[in-house]
Peer 1: 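The structure follows.
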Amino acid sequence: MLASRLGRRAVLADATRGRILFGGDYNPEQWPEETWHEDVRLMKDAGVNSVTLGVFSWAKLEPRPGERDFGWLDTLMDLMHDNGIGVVLATPTSSPPPWLGRLHPETLPRDEDGRTEWWGGRQHFSHSSAVYRRHAAAITEDLAARYGRHPALTMWHINNEYCTYDYGDEAAARFRRWLRDRHGTLDALNSAWGTAFWSQGYGDWEEVLPPRHAHYLKNPAQVLDFKRFTSDMLLECYVAERDIVRRHTPPRIPVTTNFMPLWAGQDGWRWAEEEDVVSVDLYPDPRDPFGAQHGALVQDLTRSQARGPWMLMEQAAGAVNWRGVNHPKPRGLNRLWSLQAVARGADAVCYFQWRQSRQGAEKFHSGMVGHAGEQGRTYQETKQLGAELALIGAEVTDSHTRNDIAILHDWHSWWAGAHEGRLSTLVDHTGILTAWHRALWQAHLATDFARPEHDLSAYKLVVVPQAYALTDTAIDNLLAYVRDGGTLVSGFLTGIADEHDRVRAGGMDARLRELFGIRTLHEWWPLDEDENVRTDGFLGTLWSEEIEKDADTTADVTYKGGELDGMPAVLRRGRAHYLSTLPEPHALRDLLTAIAAEAGVHPVLPGLPDQVEAVRRGDLLFLLNHGRDAVTVELPGSHRDLLTRATFEGPCTLERYGVVVLRP
């Protein structure tokens, strides 16, 4: 089996088998057994072909230390198989049973103030605890040995939404070992952390701690390394369980764990390399006018991490329960956002959860079957979507489109730029990233994501919304990309620091200053929340800079008035562009559209109304109307809609929240 796995890594297509997976988390242990058969009837009626079992079942599977209760899961696995429903089987290790914390309090995480996070919720485990890891491995081993070759099994789902920080003593000991591996010596650590500042020099490894509660600002390099450490420790937990289930499972069964969307706690690029299937949970706010764009951003990032088809592991069929006000999805929005995910590469459309809970913390979180039951609108819309996904599944699964624009995003740069002592708390990495992606999305320009160190040669345009910290390798990669004919556009606060959060000489790496034609970066001028700067082209927000340009560099836009009068707001040197402010939204859209056109990149479909999104996936064209009013789109040539089988010649009318999936 090992040789087989080495020869071919399992992929999502091994689970989809020419279909779009449709279903979600199923928690039958919350219901009497007679409900299970009713659930199966409703699942089959709705076209559900996949359920995820066991995510929060550790206390049910191991009610007392070492005791196993698999009878109920045996029944469910057989029931699903007998009815043609595949199982994504989860290891239950995200929520240990109360007995583990009572008998082994060292398995519980501690926050930066030293307070214990007790059982009674979820994710109450220390990623560094040897006892936790041993018990997690034991239940995973027995689960995999029992079900690894069950005919219902289509995929393994490890843990759930890894997100736990731990500042306790065992985590501190592991942190020190991690730092030894990374830095080698205390001298190297002291240099990387800049401990000459504030008398922080370490003379013994035992003095080194996680960044616990401090009287004033914490050492930003220490915080940065602790974020890296946390991501690595959680990844160790994932890999340990992944390797266990692989030993008991045929090589065609892929393994995944679900990311939270654009979450700061994991280096998503590194994690994706360890997964057979990249999956994500996605919950845009139905009342957010840019909810669809947020979804598109997460979908583009997830597809790029997967380098192909990916899995939407969780979404809400209606309302969630964790916002201040939890609005339901209006009619048609669940269908629209689900098909948007398919358009952007999803081969699995799943939910939390199948049946809405009647008890517990998430009893007001919607399910595919809501409290209204079979006759409720939510379930009826679920049935419609299931039927449509079955229609188009064979047409779209395992297809992929590579786009001409890459947006650069790096977790390490994000972590470094978020330290407490930064110049402006209003400059938020995700906010800047969202603004740039939104500008391209509104311009109907399709994007991928990439790391700064990735091979960028296939892209005509690379945009860097913000990359505060860059390695030398990343900088050399950007320079080579431009030298070889690529077009680069960068936002402010890029290349300011190295990988240790050490500010580079001149306030920006010298190679980047030369690339953009910046002779001197005199001062950063952050703006207040209600403040902007005027230019000869637009209003700038959040940020501005006092820059002296080289003589052979063009200032496409200059500041007007104030301390920065006449200085460049947008610089261009050859194919490299630099923005020293954040243009107001329409101006950023127009600017990026013009630069993209010069680079040979054009909208997916010209002349689209603002509310319509066009996405190509393979040979198919998805048109999605995110507006509440019907709209007509002009199509080039003849197209057939796979959902209705209608043929369009020229004009195509999209109803409110309407979608067509077109083949030329």
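Quantities reported herein were computed from a predicted structural model and do not represent experimental measurements.
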Peer 1: Answer whether the closest heavy-atom distance between the side chains of Y26 and L76 falls below 4.5 Å.
Peer 2: yes
Peer 1: Look at atom CZ of R331 and say whether more than 12 heavy atoms of other residues, nucleotides or ligands are closer to it than 6.0 Å.
Peer 2: no
Peer 1: Going by an N to O cut-off under 4.0 Å, is there a salt bridge joining R41 and E38?
Peer 2: yes
Peer 1: Testing the basics here: between E613 and A296, what is the closest heavy-atom pair and its distance to 0.1 Å?
Peer 2: OE2-CB, 4.0 Å
Peer 1: I need the minimum non-hydrogen distance between L623 and A614, along with the two atoms involved.
Peer 2: CD2-CB, 3.7 Å
Peer 1: What distance separates Q340 CD from Q293 CD, expressed to the nearest 0.5 Å?
Peer 2: 9.5 Å
Peer 1: Tell me, please, whether F290 has R438 positioned over its six-membered ring: NZ or CZ under 6.0 Å from the ring centre and within 45 degrees of its axis?
Peer 2: yes
Peer 1: Please determine if R617 and D347 form a salt bridge, counting it only when a charged side-chain N lies under 4.0 Å from a carboxylate O.
Peer 2: yes
Peer 1: Would you call R110 and D166 a salt bridge, using N to O less than 4.0 angstrom?
Peer 2: no
Peer 1: Can you confirm whether or not the ring centre of Y162 sits under 6.0 Å from the ring centre of F259?
Peer 2: no
Peer 1: Using a strict cut-off of less than 4.0 Å between a Lys/Arg side-chain nitrogen and an Asp/Glu carboxylate oxygen, indicate whether R68 and D142 qualify as a salt bridge.
Peer 2: yes
Peer 1: Look up atom CG in L234 and atom CD in Q123, then write down how far apart they are to the nearest 0.5 Å.
Peer 2: 9.5 Å
Peer 1: Could you label the plane-to-plane angle of the Y147 and H150 rings as parallel, tilted or perpendicular, counting under 30° as parallel and over 60° as perpendicular?
Peer 2: tilted
Peer 1: Do other residues, nucleotides or ligands put more than 12 heavy atoms under 6.0 Å from R358 CZ?
Peer 2: no
Peer 1: Could you give the distance from CD (E170) to CG (L108), rounded to the nearest 0.5 Å?
Peer 2: 11.5 Å
Peer 1: Checking D448 side chain against S304 main chain: does a donor-acceptor pair fall under 3.5 Å?
Peer 2: no
Peer 1: Is it the case that the side chain of S94 and the backbone of N159 share a donor-acceptor pair, with hydrogens and angles ignored and the cut-off at 3.5 Å?
Peer 2: no
Peer 1: Is the count of non-hydrogen atoms from other residues, nucleotides or ligands lying under 6.0 Å from W99 atom CH2 greater than 12?
Peer 2: yes
Peer 1: At their closest point, which heavy atom of R17 faces which heavy atom of D14, and how far apart are they?
Peer 2: NE-O, 3.0 Å
Peer 1: Report yes if some heavy atom in the side chain of V615 is under 4.5 Å from a heavy atom in the side chain of L624; otherwise report no.
Peer 2: yes
Peer 1: Is the distance between the ring centroids of H409 and W414 under 6.0 Å?
Peer 2: yes
Peer 1: What's the spacing between L620 CG and E395 CD if we round to 0.5 Å?
Peer 2: 6.5 Å
Peer 1: Ignoring hydrogens and geometry, is there a side-chain-to-backbone donor-acceptor pair from R19 to T16 under 3.5 Å?
Peer 2: yes
Peer 1: Apply side-chain contact (heavy atoms from CB on, under 4.5 Å) to the pair T256 and M155, showing each step before the final yes or no.
Peer 2: CA-CA 8 Å; T256 189; M155 193 186 309; 3.6 Å; yes
Peer 1: Quick check for you: to the nearest 0.5 Å, what is the distance between T382 atom OG1 and Y379 atom OH?
Peer 2: 8.0 Å
Peer 1: Take L643 and V660 through the side-chain contact (heavy atoms from CB on, under 4.5 Å) test and state the conclusion after the steps.
Peer 2: CA-CA 7 Å; L643 298 175; V660 292; 5.8 Å; no
Peer 1: Salt bridge check: are R270 and D232 linked by an N-O gap of less than 4.0 Å?
Peer 2: yes
Peer 1: Within 45 degrees of the ring normal and closer than 6.0 Å to the centroid, is that where the cationic atom of R355 sits relative to W31?
Peer 2: yes
Peer 1: Do R287 and D285 sit within salt-bridge range, that is, some charged N less than 4.0 Å from a carboxylate O?
Peer 2: no
Peer 1: Say you draw a straight line from CD of E241 to OG1 of T91; how long is it, rounded to the nearest 0.5 Å?
Peer 2: 4.0 Å
Peer 1: What pairs of residues pass the side-chain hydrogen bond (donor to acceptor under 3.5 Å, both in side chains) test when at least one of them lies in residues 127-136, not counting sequence neighbours?
Peer 2: R133-E236
Peer 1: Is a side-chain donor or acceptor of W36 paired with a backbone partner of P28 at a separation under 3.5 angstrom?
Peer 2: yes
Peer 1: Salt-bridged, R122 to E161, with N to O below 4.0 Å?
Peer 2: yes
Peer 1: Would a line drawn from the ring center of H365 to the ring center of F352 be shorter than 6.0 Å?
Peer 2: yes
Peer 1: Whether R146 and E141 form a salt bridge (side-chain N of Lys/Arg under 4.0 Å from carboxylate O of Asp/Glu) is what I want to check.
Peer 2: no
Peer 1: Which donor-acceptor pairs under 3.5 Å do side chains of residues 48-58 form with protein atoms, sequence neighbours excluded?
Peer 2:
{"unit_1": "N49", "atom_1": "OD1", "unit_2": "F22", "atom_2": "N", "d": "2.8"}
{"unit_1": "N49", "atom_1": "ND2", "unit_2": "I20", "atom_2": "O", "d": "3.1"}
{"unit_1": "S57", "atom_1": "OG", "unit_2": "E29", "atom_2": "OE2", "d": "2.6"}
{"unit_1": "W58", "atom_1": "NE1", "unit_2": "E62", "atom_2": "OE1", "d": "2.8"}

Peer 1: On a heavy-atom basis, which atom in A317 and which in G367 lie closest, and how many Å separate them?
Peer 2: CB-O, 3.6 Å
Peer 1: At their closest point, which heavy atom of L12 faces which heavy atom of W310, and how far apart are they?
Peer 2: CD2-O, 3.4 Å
Peer 1: So that I can tick it off, tell me whether D276 and R246 are bridged by a salt bridge, with the cut-off set at under 4.0 angstrom between side-chain N and carboxylate O.
Peer 2: yes
Peer 1: Just wondering, are more than 12 heavy atoms of other shown residues or ligands nearer than 6.0 Å to CD in E67?
Peer 2: yes
Peer 1: Do the side chains of E274 and R242 get close enough for a salt bridge, i.e. N-O under 4.0 angstrom?
Peer 2: yes
Peer 1: For W119 and H124, I'd like to know if the aromatic rings sit close, meaning centre-to-centre distance below 6.0 Å.
Peer 2: no
